[in-house]
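To start, the structure under review is shown below, and the notes come after it.
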Amino acid sequence: MKKFYAWYQKHITGAIFTGLILGILTGLLLADRFAPILTVTGVIGGIYMNALNMMIFPMVFCSIVMGICSIGNAKTTGKITGYAMIFFLCTTAIASAVGIIIPRLIRLGEGVHFEMATSDIQATEMTSILDTIKNLIPSNPVKAFAEGNMLQVLVFAVIVGFTLIAIGEKGKALLNVIDSLNEVCLKVISTVMYFTPIGVFCTIVPVVEANGTKTIVSLATQLIILYIAFYGFAILVYGGAVKILGKTSPVRFFKAIMPAALNAFGTCSSSATIPISKRCVEEELGVSNQISSIAIPLGATVNMDAVSILMSFMIMFFANACGINVSISMMVIILLANVLLSVGTPGIPGGAIASFAALATMAGLPAGVMGVYISINTLCDMGATCVNVIGDLAGCVVLKEKIKLEENERRIQKKRGIH
């Protein structure tokens with residue numbers, strides 16, 4: 001049993017792909033001929049979605065609080081953290097804007113029609129920006145969680161996070177509890193993710209049966225456009241930053257960080273790629289260990305540029321496909337929430353699912369979009385994680401140029417033969 005568990009854990013990506021393909025084939029060829037298939041897949045898919053949604057709100061809350069607190073602790077390391085945070089947050093804001101502007105310009109998702117169940121959680125009502133701002137702070141945090149008001153949950157998490165930083169040692173006990181709860185959330189979602197191949201199969205069958213081949217074509221087109229946006233962003237933004245701010249050849253940079261990028265693409269985990277990332281920037285690009293030891297782990301937590309692009313693309317795609325108008329005020333809220341959620345997104349496979357669920361709730365998307373998104377999440381996650389790691393390493397190169405380290409650190413670098 002242990003051998004099977006280890007094998008399955010190693011090949012779960014292939015299992016998800018298999019579940020996706022079998023679900024598509026079943027939906028196209030069998031579901032309309034054998035009604036019980038739709039009944040069974042509907043029940044199992046519903047159970048899977050409920051199990052996944054169960055931890056979304058506590059996970060988002062805990063991950064944001066922990067992210068903010070880790071940033072606060074890291075600030076004691078001085079300029080390195082400050083510059084890294086400026087770089088990461090600026091690129092994340094740019095990524096969020098790209099993710100919203102491009103889909104609107106190309107009208108992504110228009111002409112695509114999905115038949116799905118309506119959402120059980122309504123979008124946050126926004127009569128005006130002022131009303132939205134007025135209602136940001138929850139008068140009853142428990143009610144915000146119970147009613148699924150993700151905006152208020154996010155704000156509450158920010159307030160708690162910065163308050164814990166302010167009170168310091170006195171807040172350590174609560175921080176430990178939140179950290180433990182965060183680990184519980186991650187463990188539950190990780191366990192649920194082991195059933196993802198079955199969940200993907202059962203959630204995609206009714207969608208494909210209802211929509212036919214148009215669904216497959218539209219999703220494939222979406223993925224192609226998404227990957228163009230991913231790597232276009234990496235080349236232009238990261239390459240430009242490395243060239244202009246880091247005074248390093250982009251060609252040399254991309255060649256040097258290729259092992260880390262490929263590992264991130266294959267594992268879908270920026271956290272698991274940290275050792276390889278450190279080796280690439282230190283040995284190939286001459287970045288100080290003092291910089292890489294802070295910037296890379298910090299980037300694995302807060303630098304989620306590609307996730308930000310991914311979330312914006314998916315929200316706009318599904319909104320247009322489902323005939324839901326995304327207003328300018330909602331776009332602004334999604335942009336801001338996108339930046340905040342990307343900071344709290346775990347650097348693990350499937351970590352973006354909770355973020356998508358939160359933004360989908362804000363936009364008032366039908367509940368059924370979660371099943372479609374999860375069915376292609378791994379394909380999206382592979383490219384997104386790769387780009388996120390490239391961003392972490394680009395930040396290291398920029399910091400190397402912008403931060404003047406002590407003379408003895410430079411002598412250590414010279415002894416290693418790194419120039």
Side-chain angles (χ1 to χ4, degrees), residues 6-18 20 87-88 91-92 95 193 196 220 223-243 246 248-287 289 291-293 295-310 313 342 345-352 376-400 418:
W7 176 89
Y8 181 71
Q9 192 173 28
K10 186 177 180 180
H11 296 88
I12 191 169
T13 298
I16 292 173
F17 288 154
T18 302
L20 173 62
F87 179 83
F88 292 147
T91 56
T92 298
M193 291 302 292
T196 295
L223 285 172
I224 292 172
I225 296 173
L226 182 64
Y227 267 73
I228 291 174
F230 277 164
Y231 293 105
F233 179 86
I235 292 171
L236 294 177
V237 177
Y238 296 148
V242 165
K243 176 69 175 178
T248 301
S249 166
V251 174
R252 180 190 170 206
F253 168 75
F254 284 110
K255 183 178 179 181
I257 57 91
M258 194 59 64
L262 292 176
N263 184 77
F265 188 88
T267 62
C268 295
S269 175
S270 54
S271 297
T273 310
I274 288 176
I276 300 176
S277 297
K278 281 176 59 61
R279 189 174 71 240
C280 287
V281 293
E282 290 177 11
E283 296 181 3
E284 301 296 330
L285 296 171
V287 175
N289 177 67
I291 290 176
S292 65
S293 295
I296 292 178
L298 186 63
T301 302
V302 304
N303 181 35
M304 299 289 171
D305 294 352
V307 173
S308 203
I309 293 175
L310 171 61
F313 260 68
S342 67
T345 301
I348 59 173
I376 60 172
N377 174 68
T378 301
L379 288 171
C380 298
D381 208 12
M382 293 168 75
T385 306
C386 177
V387 173
N388 287 338
V389 168
I390 293 174
D392 298 345
L393 305 185
C396 288
V397 174
V398 171
L399 292 179
K400 173 196 170 189
I418 300 174

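Residues: numbered from 1 along the sequence shown.
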Flag, side chain of Asn303 to backbone of Asn388, donor-acceptor distance under 3.5 Å: yes
Distance in Å, Phe230 CZ paired with Leu310 CG, rounded so as to fall on 0.5 Å steps: 5.0 Å
Separation of Leu393 CG from Glu284 CD (nearest 0.5 Å): 12.0 Å
Any donor-acceptor pair under 3.5 Å from Lys400 side chain to Leu285 backbone: yes
Minimal non-hydrogen separation, Ile390 against Phe253, with atom names: O-CZ, 3.7 Å
Atom of Ile291, atom of Cys396 and distance for their closest heavy-atom approach: CG2-O, 4.1 Å
Contact list for residues 231-240, test side-chain hydrogen bond (donor to acceptor under 3.5 Å, both in side chains), sequence neighbours left out: Tyr238-Asp305
Flag, side chain of Arg279 to backbone of Ala260, donor-acceptor distance under 3.5 Å: no
Taking every non-hydrogen atom, the tightest pair across Ala256 and Pro259: O-CD, 3.5 Å
Test item: Ser277 and Asp392 side chains (from C-beta on) under 4.5 Å apart, heavy atoms: no
Smallest separation among heavy atoms of Ala384 and Val307, with atom names: CB-N, 4.4 Å
Residue pair Ala229 / Phe313: nearest heavy atoms and the distance that separates them: CB-CZ, 3.7 Å
Distance (rounded to the nearest 0.5 Å) between Phe233 CZ and Ile309 CD1: 5.0 Å
Non-hydrogen atoms of Ser292 and Val287 that approach each other most closely: N-CG1, 4.3 Å
Met258 side, atom CE; Cys386 side, atom SG - distance, nearest 0.5 Å: 8.0 Å
Pairwise side-chain contact, Val389 with Ile276, heavy-atom cut-off 4.5 Å (strictly under): no
